[in-house]
Amino acid sequence: DGGITQSPKYLFRKEGQNVTLSCEQNLNHDAMYWYRQDPGQGLRLIYYSQIVNDFQKGDIAEGYSVSREKKESFPLTVTSAQKNPTAFYLCASSRDRSYEQYFGPGTRLTVT
Amino acid sequence: DQQVKQNSPSLSVQEGRISILNCDYTNSMFDYFLWYKKYPAEGPTFLISISSIKDKNEDGRFTVFLNKSAKHLSLHIVPSQPGDSAVYFCAASAQGGSEKLVFGKGTKLTVNP
């Protein structure tokens, strides 16, 4: 079954710690994305990557970092510099930027 | 500045009736529009899209209408089913979809049995 997996589904961290969220896809998609969703808000783009070893900042990249060493993997690190890290994080992929994006199940991160 | 607006945070309809979800946009460069459906604690799933060269696209019970002059699109669900209860996001992109997606804040649809 092709799809996007995100792990873990729930993640708890103490303030000041960096945390890495996993995103893997076996759809052979070139483009991958990270979004953040807050209550009552739409999805906001954090980072995106159109090809291996290349990525661009989205609208809210501050306090986050990514890597794209493999086509199928696009991990997101939430650093201690991110002021409000508690949120629902969604990873998505698409064949390329001209096609609809498919989303993973999300990771709910809680930082206390 | 919100470029994609879904002005109704919630909508409630009876099973079997029509659900109409609305979306307005301000950026005239947008030429590709999508609707996503999202259940709580899950990722959004793609429902239907429309290019600006069309004014209607249909897929089963779902139809999207685009009014470019009004910068308005709507999603019609007929007939509505309880399983359609979810949050629906409108999204838009420029340059045929190759630019980033801009999402609205969503409308929560409740279909009552």
Side-chain angles (χ1 to χ4, degrees), chain A residues 2-11 21-25 27 29-51 55-61 87-110, chain B residues 1-10 21-27 29-53 57 59 62 64 75 86-108:
Chain A
I4 303 173
T5 56
Q6 291 184 245
S7 59
K9 192 159 180 67
Y10 299 97
L11 192 53
L21 281 60
S22 164
C23 177
E24 304 277 330
Q25 54 98 359
L27 299 165
H29 284 171
D30 284 315
M32 296 187 75
Y33 313 81
W34 274 105
Y35 291 90
R36 168 183 173 138
Q37 188 191 12
D38 295 285
Q41 299 292 318
L43 280 63
R44 292 184 290 167
L45 182 65
I46 304 173
Y47 267 98
Y48 64 96
S49 167
Q50 297 182 76
I51 198 167
F55 47 83
Q56 284 79 42
K57 293 181 179 180
D59 298 318
I60 54 165
F88 189 53
Y89 289 88
L90 287 157
C91 178
S93 71
S94 61
R95 199 191 311 179
D96 64 34
R97 292 194 68 191
S98 299
Y99 289 84
E100 56 267 15
Q101 296 177 20
Y102 293 87
F103 285 82
T107 293
R108 165 92 41 205
L109 172 65
T110 302
Chain B
D1 177 34
Q2 218 183 328
Q3 298 184 69
V4 177
K5 298 177 188 177
Q6 294 178 256
N7 292 320
S8 298
S10 62
L21 296 106
N22 294 305
C23 178
D24 296 295
Y25 62 97
T26 56
N27 188 340
M29 300 301 290
F30 288 150
D31 58 7
Y32 184 60
F33 305 90
L34 307 90
W35 284 94
Y36 283 85
K37 172 181 177 179
K38 184 181 180 300
Y39 294 116
E42 292 184 12
T45 53
F46 169 72
L47 264 181
I48 192 168
S49 63
I50 189 167
S51 162
S52 60
I53 61 172
N57 190 25
D59 184 1
F62 301 92
V64 56
L75 175 68
V87 176
Y88 289 78
F89 289 99
C90 171
S93 176
Q95 295 195 32
S98 62
E99 290 296 307
K100 67 176 183 181
L101 284 181
V102 179
F103 285 84
K105 292 187 177 182
T107 296
K108 183 177 182 180

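Predicted model only: the values in this text are computed from it and were never measured.
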Rounded to the nearest 0.5 Å, how far does [atom2] of [Y] lie from [atom1] of [X]?
| X | Y | atom1 | atom2 | answer |
| --- | --- | --- | --- | --- |
| B:L47 | A:E100 | CG | CD | 11.5 Å |
| A:K9 | B:E42 | NZ | CD | 6.5 Å |
| B:Y36 | A:F103 | OH | CZ | 5.0 Å |

So, does A:Y33 use its side chain to make a donor-acceptor pair with the main chain of B:K100 at under 3.5 Å?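 Looks like no, no N/O pair under 3.5 Å.
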If you count heavy-atom pairs under 4.5 Å between each of A:G106, A:A92, A:G42 and chain B, which one has the most?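 Sorted descending by pairs with chain B, the first entry is A:G42.
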Given that the side chain runs from C-beta out, which part of A:Q6 has a heavy atom under 4.5 Å from chain B: side chain, backbone, both or neither?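 For A:Q6, no heavy atom lies under 4.5 Å from chain B.
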Sort A:L43 into side chain, backbone, both or neither according to what part of it lies under 4.5 angstrom from a heavy atom of chain B.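 For A:L43, the contact with chain B is made by backbone and side chain together.
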Between B:G43 and A:L90, what is the shortest heavy-atom contact and its length? CA-CD2, 3.5 Å
Below 4.5 Å from any heavy atom of chain A, which atoms of B:Y39 appear? Answer side chain, backbone, both or neither. neither
B:K108, part contacting chain A, at a heavy-atom distance under 4.5 Å: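 For B:K108, no heavy atom lies under 4.5 Å from chain A.
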Answer yes or no: are there more than 12 heavy-atom neighbours, outside A:K57 itself, under 6.0 Å from its atom NZ?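 Atom NZ in A:K57 is not packed in, count stays at 12 or less.
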